[in-house]
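First the structure, in the form of structure tokens, and then the observations on it.
In listed order, ligands and their atoms are each counted from 1. Residues take their numbers from the sequence shown, with the count starting at 1.
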Amino acid sequence: MIPIKDATGIARMREACAVAAFVLHELKKHVRPGVTTYDLDQLAKDLIASRGARSACFGYQIDERRFPAYSCLSVNEEVVHGIGSLKRVLRDGDIISLDIVVEHQGYIGDNAFTVPVGAVSPAIQKLLAVSREALALGIAQARVGNRIGDISHAIQVHCEKNGFGVVRDLVGHGVGVDMHEEPQIPNFGRKGTGAKIRPGMTLAIEPMVNLGTYRTKCLSDGWTIVTTDAAPSAHFEHTVLTREEGPEILTVPPAA
Ligand code: MF3
Ligand code: CO
């Protein structure tokens with residue numbers, strides 16, 4: 001069953017998503033050569049607290065493990081779920097994926113993007129542009145009457161047309177009271193398949209796109225997902241509300 005949010009749920013989702021977007025955009029301002037991913041994670045912690053929210057990442061449990069950081073910070077070949085570390089110093093030419101998930105008044109907002117550190121190569125610039133476009137194309141398919149596979153297909157086609165690998169091992173998801181609700185939203189798939197999109201769904205659409213192979217593996221820390229060929233990876237994510245009028249991106253920062 002895919003949860004449908006009522007007016008109250010939608011209002012709360014709007015607020016949680018605005019907080020998540022605020023934190024993400026503030027964090028981005030501090031990405032520069034010389035900063036450690038530990039510093040960025042501490043900043044994320046403080047920014048989330050400043051808005052009266054809670055990190056949905058910290059303590060998030062899979063089997064016996066609990067995620068030890070407040071944000072997911074994934075550098076270069078790290079795809080998602082990177083853990084901030086004093087040993088990871090950002091350098092000119094790196095990319096970093098910032099993924100912020102917050103809980104506010106019982107509802108969760110989830111968003112992410114990948115940003116360059118200083119000047120990056122033309123190949124990486126293209127990876128970022130195509131991945132951002134793929135998210136926009138996926139969101140455009142999140143229309144009432146379409147199916148989840150329409151989102152998946154639009155993302156996959158755009159990435160593969162440009163020669164990039166679309167991650168298979170992780171997928172987008174419904175989001176609301178829980179960080180991961182139904183449906184799963186793969187970034188690959190066939191048009192006209194999967195659940196029908198109805199009004200009042202809140203969907204985290206999140207292409208993870210690799211410069212090389214789509215294959216990934218998990219590091220021995222139990223969390224960090226990396227590309228098997230060590231080529232860089234990008235991640236763009238919004239939480240989207242499906243309305244009769246069309247998809248609405250909820251993870252937009254409040255006007256300053
Ligand atoms: N945006 C990620 C997701 O949807 C956030 C994971 S939080 C973590 O899975 F706790 F697992 F790190
Ligand atoms: Co997500």
Side-chain angles (χ1 to χ4, degrees), residues 2-3 13 16-17 19-21 23-25 27-28 37-38 40-42 44-45 47-48 53-75 78-85 88 96-104 107-115 131-132 134-135 138-139 142 148 151-152 155 166-188 201-209 216-226 233-242 247 249-251:
I2 300 177
M13 281 301 287
C17 288
V19 173
V23 173
L24 182 61
H25 283 77
L27 200 56
K28 174 189 170 162
T37 57
Y38 176 84
L40 292 173
D41 190 58
Q42 287 298 117
K45 175 189 180 179
L47 287 165
I48 293 166
R54 176 186 74 78
S55 165
C57 294
F58 185 78
Y60 179 78
Q61 194 167 0
I62 300 179
D63 302 324
E64 305 290 88
R65 286 179 224 284
R66 286 183 179 274
F67 192 72
Y70 297 88
S71 59
C72 295
L73 303 172
S74 310
V75 181
E78 297 173 353
V79 179
V80 287
H81 304 169
I83 298 165
S85 163
R88 193 88 197 219
I96 181 168
S97 300
L98 315 171
D99 189 351
I100 298 292
V101 197
V102 307
E103 182 258 318
H104 180 260
Y107 284 82
I108 289 178
D110 188 359
N111 65 169
F113 51 53
T114 304
V115 292
S131 306
R132 193 184 300 107
L135 173 57
I139 292 171
I148 296 298
I151 300 172
S152 308
I155 292 171
V166 176
V167 171
R168 304 288 197 273
D169 295 336
L170 299 127
V171 298
H173 51 93
V175 57
V177 171
D178 293 314
M179 178 158 66
H180 297 134
E181 298 182 345
E182 284 188 49
Q184 295 204 128
I185 310 175
N187 297 302
F188 53 93
M201 294 180 176
T202 46
L203 306 176
I205 303 175
E206 52 176 320
M208 288 153 268
V209 188
T216 67
K217 63 179 182 189
C218 188
L219 295 185
S220 59
D221 64 16
W223 290 101
T224 311
I225 307 293
V226 298
S233 180
H235 180 208
F236 288 83
E237 174 175 33
H238 272 305
T239 300
V240 173
L241 168 66
T242 58
I249 297 172
L250 295 183
T251 36

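For the pair Lys28 and Phe113, the cation-pi criterion (under 6.0 Å, within 45° of the ring axis) is fulfilled.
Side chains of Asn187 and Val167 form no contact here, defined as non-hydrogen atoms less than 4.5 Å apart. Side-chain atoms of His238 and Leu135, non-hydrogen and from C-beta on, do get closer than 4.5 Å to each other. Here the side chains of Val79 and His235 are not in contact, with every heavy-atom distance at 4.5 Å or above.
Minimum heavy-atom separation, Trp223 to Tyr60: CH2-O, 3.5 Å. Contact record, Ala16 with Val102: O-CG2, 3.4 Å, taken as the closest heavy-atom pair.
Heavy-atom contacts from other residues, nucleotides or ligands closer than 6.0 Å to CZ of Arg168 number more than 12. For Phe188, the CZ atom is densely surrounded, since the number of other residues' heavy atoms within 6.0 Å is greater than 12.
Checking side-chain atoms of Gln61 against main-chain N and O of Asp63 turns up a donor-acceptor pair under 3.5 Å.
Near ligand 1, heavy-atom contacts under 4.0 Å come from Cys57, Tyr60, Phe67, Cys72, His81, Asp99, Val101, Asp110, His173, Met179, His180, Glu206, Trp223, Glu237.
Distances under 2.8 Å from the Co ion (ligand 2) pick out the protein N/O/S atoms Asp110 OD2, His173 NE2, Glu206 OE2, Glu237 OE2.
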